[in-house]
Amino acid sequence: MEKAHCSITPKAPFDFDLTAGYHTYFQGHYGTDSLDQGVYRRLLDLNGSLVLASVRSVGSVDSPELSVELRGSGLTPERVDLAAKQIGWLLGVDQDLAPFYDLARQDPAMAAVTGQFHGLHLPHTATVFEALVLGILGQQIATNVARIIRTLLIETYGPRGLFDKIFDGESNDEEPFFAFPRPEALAACPVAELRGMKLSWRKAEYVQGVAAEFAGGTDMERATLEVLGDEEVVNRVTQLRGVGRWTAQWLLIRALGRPDALPLGDLALRRVVSRLYFSGEPVDDAQVEEFCIPWSPWRSYATVYWFTALRRGMA
DNA sequence: ACCCAGGCATTGG
DNA sequence: CCAATGCATGGG
């Protein structure tokens, strides 16, 4: 077991606790990610070998700096660099929040939200596959139910590594960490077995199908989708069974970091827009879409900040 | 016991 | 092309 260190300089403003916390749904632990005592941890799957990254802030919101400790084997300089890139991507460190904040200033409700959550960047998933599977697992069910199901899938089929929990120290207190399941692992898993993950037949079929697509080589990897326009990405991923416009829009936000996606159909989005802007009167998707026109081309940011307000009890 | 929750595909008009 | 329906699970 080798150890290596590196540092990352996010684009300011960057609030580490908020951003890592959003990634874990403001729970100490959510699926593959944990935020504990100011340390964000994630088991990276670097070309098939497992590296535990422990990240903490050594700067401030306006002068951010992250210290990363890596543990694993084969930590060559190239792989350390790759790990740093992945951590940076997971935490969205390169995003420039300024244009969105400028727009938010014109809206009192949003100005309050961006004031409260100043420095929140939009976290990303490690892969397109991860965003798709998490999306499917989250369809139409309550977030806490989704959390149970996602965690079960990850801890059953995800690559597992045992690591000392102490940051930058040694102890005999080892703890298991999980990376997101690889496509091959889920593709090899019969639908009947996936149903044991508290999935409906339908969702088990969706997950199996998406896994088979990615295990067999696909034209939907991030490198491929990256060069396409939003619409073209949506057209392509909605070809997959189980992936509709809601999942596709969340994929644009979470897996590709697109700034202007809008997950219409999302009940929570309707609820938060209703509460913040329509005095709690119910709104439908058409009203949400119309209302969000002025937020373009920053609708992903508006969406994530509204969700944060909702999750943190501001709406 | 019910009803709803950060949808989707399928089916029937 | 729009509306209705089944689906799994856990919490209110």
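- Between the C1' atom of C/dG10 and the CZ atom of A/Arg150 lies a distance of 15 Å, rounded to the nearest Å.
- Across B/dC4 and C/dG6, the matching P atoms stand 15 Å from one another, rounded to whole Å.
- Contact check for A/Tyr22 versus A/Leu122: no side-chain heavy atoms found under the 4.5 Å cut-off.
- Residue contacts shown for A/Trp201 are limited to sugar-phosphate atoms, with no base heavy atom under 4.0 Å away.
- Taking only side-chain nitrogens and oxygens, A/Ser200 never comes nearer than 4.0 Å to OP1 or OP2 of C/dT9.
- Between A/Trp250 and A/Phe307, the angle of the ring planes goes over 60°, which puts this pair in the perpendicular group of the 30/60° scheme.
- Phosphate contact (OP1/OP2 of B/dC8, side-chain N/O of A/Lys203, threshold under 4.0 Å): absent.
- By the 30° and 60° cut-offs, the orientation of the rings of A/Phe100 relative to A/Tyr301 is tilted.
- Of the candidates B/dT10, B/dG6, C/dT9, the closest approach to any side-chain atom of A/Val145 belongs to C/dT9.
- Residue contacts for A/Leu240: at a heavy-atom cut-off of 4.0 Å it reaches the sugar-phosphate backbone alone, with no base atom in range.
- Candidate nucleotides B/dA5, C/dC7, C/dT9 were compared by shortest atom distance to the side chain of A/Leu267, and B/dA5 ranks first.
- Computed from coordinates, the A/Phe26 CZ to B/dG6 C1' distance equals 15 Å when rounded to whole Å.
- Within the 4.0 angstrom heavy-atom criterion, no nucleotide atom of any strand lies near A/Arg147.
- Taken together through direct or relayed side-chain contacts under 4.5 Å among Ile, Leu, Val, Met, Phe, Trp and Tyr, A/Tyr40 and A/Leu82 form part of one hydrophobic cluster.
- In this structure, A/Met197 places its CE atom 14 Å from C1' of C/dT9, rounding to the nearest Å.
- Ring-plane geometry between A/Phe180 and A/Phe129 is classed as perpendicular, the angle between the planes exceeding 60 degrees on a 0 to 90 degree scale with a lower cut at 30.
- Along DNA chain B, the nucleotide nearest to A/Ile141 and the one nearest to A/Tyr206 differ in position, and the one closer to the 5' end is contacted by A/Ile141.
- Phosphate proximity of B/dG7 to A/Gln140: present, with a side-chain N or O under 4.0 Å from OP1 or OP2.
- One atom, CG of A/Leu152, and another, P of C/dT9, lie 11 Å apart when rounded to the nearest Å.
- Of the two residues contacting DNA chain C, namely A/Gln139 and A/Asn144, the nearest-nucleotide position lying further toward the 5' end is that of A/Gln139.
- Within the 4.0 angstrom heavy-atom criterion, only backbone atoms of the sugar-phosphate kind lie near A/Arg241; the bases stay farther away.
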